[in-house]
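We name chains A, B, ... by the order of the sequence lines, and we start the count at 1 in each one.
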Number of protein chains: 2
Amino acid sequence: MMLPMARAATTSDVFNAIAEPQRREILVLLRTGERPVTELAQELGMTQPGASKHLRVLREVGLVRDRRAGKQRLYGLDARGLRPIHEWTGGFERFWNESFDRLDAYVQDLKQARQEE
Amino acid sequence: MMLPMARAATTSDVFNAIAEPQRREILVLLRTGERPVTELAQELGMTQPGASKHLRVLREVGLVRDRRAGKQRLYGLDARGLRPIHEWTGGFERFWNESFDRLDAYVQDLKQARQEE
DNA sequence: TTGACGCATGCCTATATCGGCATATGATGC
DNA sequence: GCATCATATGCCGATATAGGCATGCGTCAA
């Protein structure tokens, strides 16, 4: 009896964590410094539980760290996890330039063909 | 009557497209050249429909292009869409270095504190 | 100890996929 | 047209979230 294999467990990986727009906003905001959840939620127009949940995901993949500060809990950026992604995409740098060239060549070909009609 | 708002529509955005490990494998493989779906599926150990579906997502966000070649359909890389991601993560470069420094300083502090015990 | 405050969690609903499978669609050659 | 090969799609089952809301839990101050 073969059970249908469902979606792969992509949770807890950095690519997945930054696939969410709001989580990216959080990371960007945290570049300007540590913040408690409530302030963060307010600045980004999300509910406190919503912000907490996103922060949890970010913390689980190591993109943010938290430390207690009195009654509050301050969240801060730990961007090291973004480096692998930067490098992975960087592995295509040669190709996106190449793509431009090819597209350009293609466009030139079209123009050429037109004039010869 | 307030309907619960579900998951945001993140479909059709590049961040989401590359969040899937198999799709990343496809992109990496395509760096070595165009390929028909079947060959691609075979090389990556996935089913043909599976490969087709992933390619569809990649095509919808513009990361691959296809062109007909006789009976086959060749898929090729169009890496330009990866550039924004490279740049977005690059915006954190300063911070991941800084993080390293801080971590290092933290470790030094610990060592210092130990010796002074 | 008891509020009050700040934040994390649990529960629920709606949805978005992923994978497997069968099958429709398309193009080719006879 | 028809058989055949190459791909794309549809359907289904199982899961993974995202958001809203209410509530639990921990910390601090009086």
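Listed in residue order, the members of residues 24-41 of chain B having a heavy atom less than 4.0 Å from DNA chain C come to none. Sorted by residue number, the members of residues 42-54 of chain A with any non-hydrogen atom under 4.0 Å from DNA chain C read A/Q48, A/P49, A/S52, A/K53.
When rounded to the nearest whole Å, the span between CZ of A/F15 and C1' of C/dC18 equals 19 Å. Atom pair B/R73:CZ and C/dT28:C1' shows a separation of 15 Å (rounding to whole Å applied). One interatomic measurement links the two molecules: CZ of B/R67 to P of C/dA27, which rounds to 16 Å at whole-angstrom precision. B/L55 places its CG atom 13 Å from the P atom of C/dC18, with the value rounded to the nearest Å.
For the ring pair (Phe, Tyr, Trp, His ring centres under 6.0 Å) condition, no pair includes a residue of residues 16-67 of chain B, sequence neighbours left out. For residues 44-57 of chain B, every residue pair satisfying the salt bridge (Lys or Arg N to Asp or Glu O under 4.0 Å) rule, not counting sequence neighbours, is listed here: B/R56-B/E60. Within the structure, salt bridge (Lys or Arg N to Asp or Glu O under 4.0 Å) contacts touching residues 39-49 of chain A (residues at least two apart or in different chains) are A/R35-A/E39, A/R35-A/E43.
Residue B/Y75 places its side chain closer to D/dT7 than to any other of D/dT7, C/dG6, C/dG19. Of the candidates C/dC18, C/dG6, C/dA8, the closest approach to any side-chain atom of B/E20 belongs to C/dC18.
Remark: A/Q48 pairs with A/V37, A/S52 by the side-chain contact (heavy atoms from CB on, under 4.5 Å) rule, at least two apart or across chains. Contacts of B/Q42 classified as side-chain contact (heavy atoms from CB on, under 4.5 Å), with partners at least two apart in sequence or in another chain: none. Judged as a side chain to side chain donor-acceptor pair (under 3.5 Å), and not counting sequence neighbours, the contacts of B/E34 are B/R67. When the side-chain contact (heavy atoms from CB on, under 4.5 Å) test is applied to B/R68, the partners found at least two apart in sequence or on another chain are B/R73. Checked against ring-ring contact (aromatic ring centres under 6.0 Å, His included), B/Y75 has no partners two or more places apart in sequence or in another chain. The side-chain contact (heavy atoms from CB on, under 4.5 Å) check on A/E25 picks up A/L44, with sequence neighbours excluded.
The distance from the CG atom of B/L27 to the CH2 atom of A/W88 is 5.0 Å, given to the nearest 0.5 Å.
Of the residues near DNA chain D, A/Q22 and B/R59, the one whose nearest nucleotide (by heavy atom distance) lies more toward the 5' end is B/R59.
Put simply, the side chain of A/E20 gets close to the backbone of A/Q22: a donor and an acceptor are under 3.5 Å apart.
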Please write out each protein N/O paired with an N/O of nucleotides 24-30 of chain D under 3.5 Å, distance rounded to 0.1 Å.
none

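For A/R56 and C/dA8, the shortest distance from a side-chain N or O to OP1 or OP2 is not below 4.0 Å.
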